[in-house]
Q: 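I have a structure here, written as structure tokens, and I will follow up with some questions on it.
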Amino acid sequence: MIEASQLNKSFDGRVAVQDVSFRVPEGGRLMLLGTSGSGKTTTLRMLNRLIDPDGGTVLFRGQDTRTFRPEILRRQMGYVMQQYGLFPHYTVAENIAIVPRLLHWDKPRIRRRTEDLLRQLGLSWDAHAHQYPNQLSGGQQQRVGLARALAADPPVLLMDEPFGALDPVTRTRIRQEFLELDEFKSKTVVMVTHDIRDALELGDHIGIMDKGRIIQMGTPDELQQNPANDFVAAFLHGQTDAS
Ligand SMILES: Nc1ncnc2c1ncn2[C@@H]1O[C@H](COP(=O)(O)OP(=O)(O)OP(=O)(O)O)[C@@H](O)[C@H]1O
């Protein structure tokens with residue numbers, strides 16, 4: 001479904017991502033786990049061409065992403081940003097409708113879809129659709145961010161620290177809600193996180209990143225049972241500074 005090969009990226013001569021390769025099959029869930037500055041976000045943004053790599057390729061369904069118009073590619077890949085990324089001057093319903101509008105869906109269809117997503121995410125049209133992001137709690141904003149990413153039913157979800165701004169209790173609850181959401185279950189997911197619990201609970205594969213490289217890739221069990229080196233072992237046991 002998504003195949004990254006030998007991705008490289010430098011900013012101002014400083015290497016951010018180096019020789020990163022992975023394959024995520026249809027329905028797969030890859031977690032990119034690492035400390036701050038290890039190159040996770042840069043890697044994620046090279047998948048939907050928000051950043052162009054200096055070297056390497058990304059295939060989406062076997063096709064080089066450079067052959068797609070970026071906006072067409074991005075409609076296939078819902079993007080959930082750090083800090084929710086909602087437009088502050090749009091209501092909840094308007095935020096969720098952004099991609100369906102671009103796709104020229106008619107109003108009743110957008111309304112049905114928005115109502116349905118709000119309901120699935122534990123919100124409601126009557127209570128929330130006409131509110132602005134700053135009227136919502138962090139957890140509610142995060143749900144709206146997910147609803148927006150899911151609105152046009154893209155096959156892929158790219159998620160960048162989706163729970164990063166939430167307190168630990170809300171974080172655990174929302175992570176559990178995401179896992180139980182039928183729409184989430186059917187997606188191919190690449191998610192960036194520095195939280196080992198996110199990675200273990202949501203991922204079928206975890207790529208541990210350090211200094212721009214993936215230093216180990218495996219299932220949660222493989223990583224826990226056979227950490228490749230002391231860094232991975234320490235990271236998995238939460239002994240490094242994972243801020
Ligand atoms: N647009 C940019 N211009 C210059 N340097 C950048 C840019 N984007 C990222 N970097 C640098 O590239 C490196 C990797 O950053 P990246 O955001 O990919 O890491 P990350 O693992 O996602 O970290 P975080 O969890 O803090 O977001 C860092 O050293 C960062 O400062």
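Counting begins at 1 with the first residue of the sequence. Just follow the structure's listing: the first ligand is 1, and inside any ligand the first atom is 1. All values below come from the heavy atoms of this structure, side chains included, with hydrogens, waters and symmetry mates left out.
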Q: Should one rank Gly212, Ser36, Gly39, Gly34 by closest heavy-atom distance to atom 19 (O) of ligand 1, which comes out on top?
A: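 When every heavy atom of Gly212, Ser36, Gly39, Gly34 is considered, Gly39 comes closest to atom 19 (O) of ligand 1.
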Q: Any idea which atoms of ligand 1 are less than 4.0 Å away from a heavy-atom of Ser38?
A: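 Heavy-atom distances to Ser38 below 4.0 Å select 19 (O), 20 (P), 21 (O).
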Q: Check whether any N or O atom of Thr43, backbone or side chain, sits under 3.5 Å from an N or O atom of ligand 1, and answer yes or no.
A: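 In this structure, Thr43 places no N or O atom under 3.5 Å from an N or O of ligand 1.
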Q: Does ligand 1 have any atom sitting under 4.0 Å from a heavy atom of Gly37?
A: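 A heavy atom of Gly37 does come that close to ligand 1.
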Q: Determine whether the side chains of Thr41 and Asp160 contain a donor N or O and an acceptor N or O closer than 3.5 Å.
A: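 Yes, because at least one side-chain N or O of Thr41 sits under 3.5 Å from a partner of the opposite role on Asp160.
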Q: Give the minimum heavy-atom separation between Ile214 and Ser21, together with the two atoms involved.
A: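 Taking Ile214 first and Ser21 second, the nearest heavy atoms are CD1-O, 4.1 Å.
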Q: Who gets closest to atom 27 (O) of ligand 1 by heavy atom: Val192, Thr35, Thr41, Asp210?
A: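 It is Thr41 whose heavy atom sits nearest to atom 27 (O) of ligand 1.
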Q: Yes or no on side-chain contact (heavy atoms from CB on, under 4.5 Å) for Leu30 and Met217, after CA distance, side-chain angles and deciding distance?
A: CA-CA 9 Å; Leu30 172 64; Met217 170 78 80; 3.5 Å; yes
Q: Go through it in stages, so that I can follow the logic: the residues are Phe11 and Arg14, the test is side-chain contact (heavy atoms from CB on, under 4.5 Å), and I'd like the CA-CA distance, side-chain angles, deciding distance and then a yes or no.
A: CA-CA 5 Å; Phe11 296 103; Arg14 287 186 53 218; 5.6 Å; no
Q: Considering distance alone, does some N or O of Thr42 sit under 3.5 Å from an N or O of ligand 1?
A: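 Among all N and O atoms of Thr42, at least one is under 3.5 Å from an N or O of ligand 1.
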Q: Would you name the heavy atoms of Phe235 and His194 that are closest together and state the gap between them?
A: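 Closest heavy-atom pair between Phe235 and His194: CZ-O, 4.1 Å.
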